[in-house]
Amino acid sequence: MPDLRFGTSPPTAAEMAAVEAVVAEVGPATVTVGERLVLGGRSRAVARRNLLLPALHALQRTVGWISPGGLDHVCRLLEVPPAEAYGVATFYHLFNHSEPAADSTVHVCDDIACRGVGALGLVEELRGVGLHVRPSPCLGQCERGPAAFVQRIGAADLSVAAAAVADIEAAIGSSTSSSSVVLPQAGLDSLRLLARVGVVDPGSLDDYLAHGGYSALEAAIEMGPVGVIRELTASGLSGRGGAAFPTGVKWQAVADQVGRPKHVVCNADESEPGTFKDRTIMEGDPFAVVEAMTIAGLTVGAEQGWVYVRGEYPVAAARLAGAIDAARGAGLLGSDVAASGHRFDIQLRRGAGAYICGEETALFNSIEGYRGEPRNKPPFPTTHGLFGEPTAINNVETLVNVLSIVRDGGAAYAALGTERSPGTRLFCVSGRVVAPGTYEHEFGVTLGDVIGAAGGLADGSDLKAVLLGGAAGSFVGPDWMDLPLTLEATREAGLSLGSGVVMVFDQTDDIVDTVRRIAEFFRDESCGQCVPCRVGTVRQEEVLVRLRGGGSFHDERDLLDDLGSVMRDASICGLGQTASGAIRSAIDLGLLGGVS
Amino acid sequence: MGEPRSLVELTIDGNVVLVPEGSTILDACRREDIDTPTLCWASNLTPVNVCRVCVVEVEGSRVLVPSCSRPVEPGMVVSTDSERVRTSRKMVYELLASSVEMDRADASVHAWMEHYGVRPERMGDRDEIATVAQPPKVQDDLYVRDYERCILCYKCVEACGDDAQHTYAIATAGRGFDAHISTESDVALPDSACVYCGNCIGVCPTGALAFRTEFDMRAEGTWDEDSQEVTTTVCAFCGVGCNLELHVQDNSIVKVTSPADHSVTSGHLCIKGRFGWQHAQS
Ligand SMILES: Cc1cc2nc3c(=O)[nH]c(=O)nc-3n(C[C@H](O)[C@H](O)[C@H](O)COP(=O)(O)O)c2cc1C
Ligand code: SF4
Ligand code: SF4
Ligand code: SF4
Ligand code: FES
Ligand code: FES
């Protein structure tokens with residue numbers, strides 16, 4: 001490291017204590033290579049820099065903002081150049097950069113599902129009673145909106161949904177989140193991923209063990225890495241984070257890497273509008289995530305696991321943290337996992353309000369203490385992942401699938417679903433259905449069946465369009481109800497299951513405004529690194545605002561097309577590449593009026 | 001000299017090309033005299049591949065690839081002038097020119113914009129669409145940061161950081177369209193870690209970073225690049241032997257650069273070479 005020059009603003013005593021607690025707590029122990037503790041040179045700088053995000057969280061929570069003095073103190077302790085740390089701090093929407101106006105900030109979701117159930121009115125009402133409100137993108141509670149997330153000075157964050165003014169005031173008063181997991185299929189025998197949700201006590205390891213917990217780890221230790229990868233490959237499991245990459249292939253590629261430290265990362269950043277399935281698992285069955293990560297670690301030969309949970313999921317983060325501690329206490333994590341002779345432990349990291357940090361390489365940068373800007377691929381994470389080292393990164397739902405595959409065998413798993421889309425999958429059903437929530441279905445279920453299982457539409461409600469796959473997915477019309485939800489059928493139709501979003505709109509919904517809100521989302525969430533997305537998402541939103549204001553579709557058509565082309569073709573990452581997809585599909589369906 | 005490198009065969013625009021292993025597609029294009037626009041790439045900096053103006057089509061790739069950073073692979077089939085490539089390049093320029101003041105960008109930038117028929121005005125009336133318009137930051141006597149001319153190519157950040165100066169005085173802050181180059185907590189440059197080496201000025205392609213002399217002369221209307229003469233000399237402040245290019249107008253030095261391909265400097269200088277003449281002159 002060069003000689004760094006720091007600023008001159010002094011930190012307050014509270015800021016110093018908050019930052020020092022972070023550095024002391026997880027400080028040097030973060031870098032272990034085999035039996036050795038590495039504390040020198042680059043490793044040391046790396047070990048310290050990855051505490052930047054936790055340190056910023058500590059400042060935000062303690063004093064409500066990232067003051068220049070507080071930031072400077074972080075930089076001195078972690079040896080990070082102040083300009084870079086400022087660049088990191090200003091990347092995240094949950095960090096304030098001026099003294100907070102109030103003790104609590106209420107983030108109210110005004111995104112596409114919550115708009116339909118009174119979110120905009122709630123914003124006004126909350127302002128009316130003098131609360132400090134910030135409109136927010138989707139908070140991952142679309143099944144029970146309107147959703148709110150509360151940041152407080154000196155106290156834990158809260159999540160409240162469905163939220164009315166009184167609920168939010170009560171939550172702040174009592175310091176408790178409203179955390180009921182709504183599981184419409186509760187008790188159904190066919191549930192595999194959701195079997196324990198709402199059944200076990202998420203805070204109890206004993207209860208988890210009593211419900212079959214850790215039998216998969218036992219089986220995995222018995223069959224060894226080769227056996228686990230064999231079953232995984234036989235199962236045909238593919239990633240549930242959006243790209244549907246074969247999990248067996250990924251794990252094999254990481255297992256094949258030798259001679260360097262490796263990592264397992266659980267991607268729990270779930271921020272795609274309309275998506276809440278991973279939250280359902282983390283809140284309802286957190287030990288399952290810990291057990292699955294442990295299997296991943298032992299299988300690919302990684303000693304360090306990381307779970308990156310979106311900042312707006314305080315309940316999920318707390319339950320996962322509890323599960324990690326309990327597992328460590330019981331010898332299921334640590335230097336000798338379940339007496340297997342293998343070392344594996346997990347660190348939890350909280351995001352801070354950035355959808356882009358769900359993109360795998362942005363997530364690595366975020367953990368490492370850099371701006372959450374995606375990296376150019378290749379190289380891929382299996383060889384150059386977290387800290388540039390081989391990394392198996394998987395979505396929460398993908399990982400939890402591993403448990404039944406290891407327990408019951410890959411063949412049993414492959415017997416479910418269709419040949420090319422084996423297994424079951426979670427759907428996040430929201431909008432104008434009778435019973436919104438997380439549903440588990442075998443692949444091959446039709447779109448109509450998924451909506452039917454959620455009670456269908458209410459009387460008097462006419463289906464207008466379904467947003468399939470999330471904001472990065474597509475709108476489809478009522479004539480698509482027979483579409484089998486498989487990877488192959490959706491791909492053939494030019495669609496994607498994405499993160500399993502099925503959001504239903506009826507004749508009362510303002511679709512042009514919904515489409516505009518999607519454009520706003522991408523503009524807001526672009527990391528800003530590459531020109532096509534940084535400026536393209538701005539121009540795309542401007543076009544939709546003009547259209548919503550009565551502009552002529554005919555006049556804007558060419559521009560929208562060209563914006564779509566450059567974003568899709570020339571953006572660095574999936575955000576820019578998909579930012580025009582839903583809008584394109586809405587045009588094709590004639591939802592924006594004009595000629596299609 | 002290292003080991004002789006083996007050659008890689010690929011096809012560019014229908015022609016079979018042999019280039020040393022480890023070359024980028026851009027290197028290969030240049031060997032073939034295929035002109036390729038770049039904005040964020042520079043020979044003396046690590047590629048960040050963020051501007052995307054250099055994209056080409058590679059068979060088998062779902063999306064276009066940045067030629068400036070993608071290494072060649074055997075059997076690659078590259079098109080540099082397909083419809084998709086032309087549309088994306090044109091759009092990158094249109095997006096930039098609709099949001100940033102490009103008037104002081106290098107002449108080559110303007111030539112490319114003309115080549116692709118760029119019409120930024122179709123993005124909408126400039127008063128009604130988002131731009132990065134803002135007043136310049138004039139905070140000292142040496143240099144000015146005029147960020148309404150910034151295309152966020154990251155070159156200055158690289159020059160200030162890992163690629164040359166290792167001072168880390170500036171970095172990207174904010175996100176999305178609000179992303180911008182900033183000192184820590186946006187303090188004025190003299191209060192920051194800046195050591196006034198001017199290396200960031202040397203790499204800025206759009207005139208967003210400029211010598212105070214140039215900025216003031218432009219404001220007065222006396223800046224006249226055509227009448228300037230460039231004299232090359234070796235910096236006398238120390239024994240390192242940096243090459244200096246003195247830009248002289250009306251018998252006064254108005255700015256100092258160093259050639260990017262110079263073996264000692266790679267284009268980078270220190271405060272003495274870059275700004276020392278101000279004292280010598282006055
Ligand atoms: C903009 C963007 C956001 C993403 N967000 C998430 C996310 O929140 N969770 C997730 O698992 N994958 C997300 N992904 C996909 C990841 O990059 C990666 O493919 C995934 O975590 C791999 O895990 P899987 O193979 O189990 O699906 C996102 C991708 C992009 C481009
Ligand atoms: S596509 Fe968007 S989010 Fe992705 S790197 Fe480019 S600017 Fe960032
Ligand atoms: S003058 Fe030198 S130290 Fe100052 S910002 Fe530019 S590159 Fe960094
Ligand atoms: S100031 Fe110049 S060098 Fe720096 S990012 Fe902007 S355009 Fe690039
Ligand atoms: S929580 Fe409001 S749209 Fe998802
Ligand atoms: S020059 Fe290649 S991306 Fe900028």
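This is a predicted model, so every value here is computed, not measured. Chain letters run A, B, ... following the sequence lines, proteins first and then strands; every chain starts at 1.
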Given B:Val157, B:Val92, B:Val187, the one with more heavy-atom pairs under 4.5 angstrom with chain A than any other is B:Val92

Worked check of side chain to side chain donor-acceptor pair (under 3.5 Å) between B:Arg145 and B:Gln139:
CA-CA 9 Å; B:Arg145 297 178 294 151; B:Gln139 296 168 337; 2.9 Å; yes

Given A:Ile66, A:Leu563, A:Asn376, the one with more heavy-atom pairs under 4.5 angstrom with chain B than any other is A:Asn376

Given B:Tyr93 and B:Glu114, is the side chain to side chain donor-acceptor pair (under 3.5 Å) satisfied, shown in steps? CA-CA 10 Å; B:Tyr93 284 120; B:Glu114 196 162 316; over 6 Å; no

Handout entry: Basic-acidic side-chain contact under 4.0 Å: A:Lys377, A:Glu360
Key = yes

Assert top hit (heavy-atom pairs under 4.5 Å, partner chain A, pool B:Ala179, B:Gly124, B:Ser99) equals B:Ser99

Honestly, the part of B:Ile151 sitting under 4.5 Å from a heavy atom of chain A is backbone

With the threshold set at 4.0 Å, does a side-chain nitrogen-carboxylate oxygen contact exist between B:Asp103 and B:Arg149? yes

Chain A shares the most heavy-atom pairs under 4.5 Å, among B:Ala193, B:Ala171, B:Ser185, B:Ser88, with B:Ser185

query = Counting only N and O atoms by type, is there a donor-acceptor contact under 3.5 Å from the side chain of B:Asp106 to the main-chain atoms of B:Ser108?
reply = no

Between B:Arg122 and A:Asp562, does at least one N-O distance fall below 4.0 Å, as a salt bridge requires? yes

**Prompt:** Charged N to carboxylate O under 4.0 angstrom, A:Arg548 versus A:Glu541?
**Reply:** no

Cut-off 4.5 Å, heavy atoms of chain A, and the answer for B:Ser182 is both

| request: Look at atom CZ of B:Arg86 and say whether more than 12 heavy atoms of other residues, nucleotides or ligands are closer to it than 6.0 Å. | output: yes

Scored by heavy-atom pairs under 4.5 Å with chain A, the best of B:Leu152, B:Ile129, B:Val55 is B:Ile129

Original post:
Is any side-chain N of the basic residue among A:Arg375 and A:Glu368 closer than 4.0 Å to the acidic one's carboxylate O?
Top reply: yes

Would A:Arg546 and A:Glu556 pass as an ion pair if we require N to O under 4.0 Å?
yes

In terms of heavy-atom pairs under 4.5 Å with chain B, the winner among A:Met567, A:Glu525, A:Arg523, A:His97 is A:Glu525

Looking only at B:Val63, B:Asn49, B:Val50, the option with the highest number of non-hydrogen pairs under 4.5 Å against chain A is B:Val50

If one checks every heavy atom of B:Ser98 against chain A at 4.5 Å, the contacting part turns out to be both

Pair count under 4.5 Å, heavy atoms only, with chain B: among A:Gly528, A:Gly7, A:Ala85, highest is A:Gly528

>> Salt bridge or not between A:Asp569 and B:Arg84? Use side-chain N to carboxylate O under 4.0 Å.
In response: yes

Assert top hit (heavy-atom pairs under 4.5 Å, partner chain B, pool A:Cys533, A:Ser565, A:Cys75, A:Pro378) equals A:Pro378

Within residues 195-208 of chain B, the residues sitting under 4.5 Å from chain A by heavy atom, in sequence order, are none

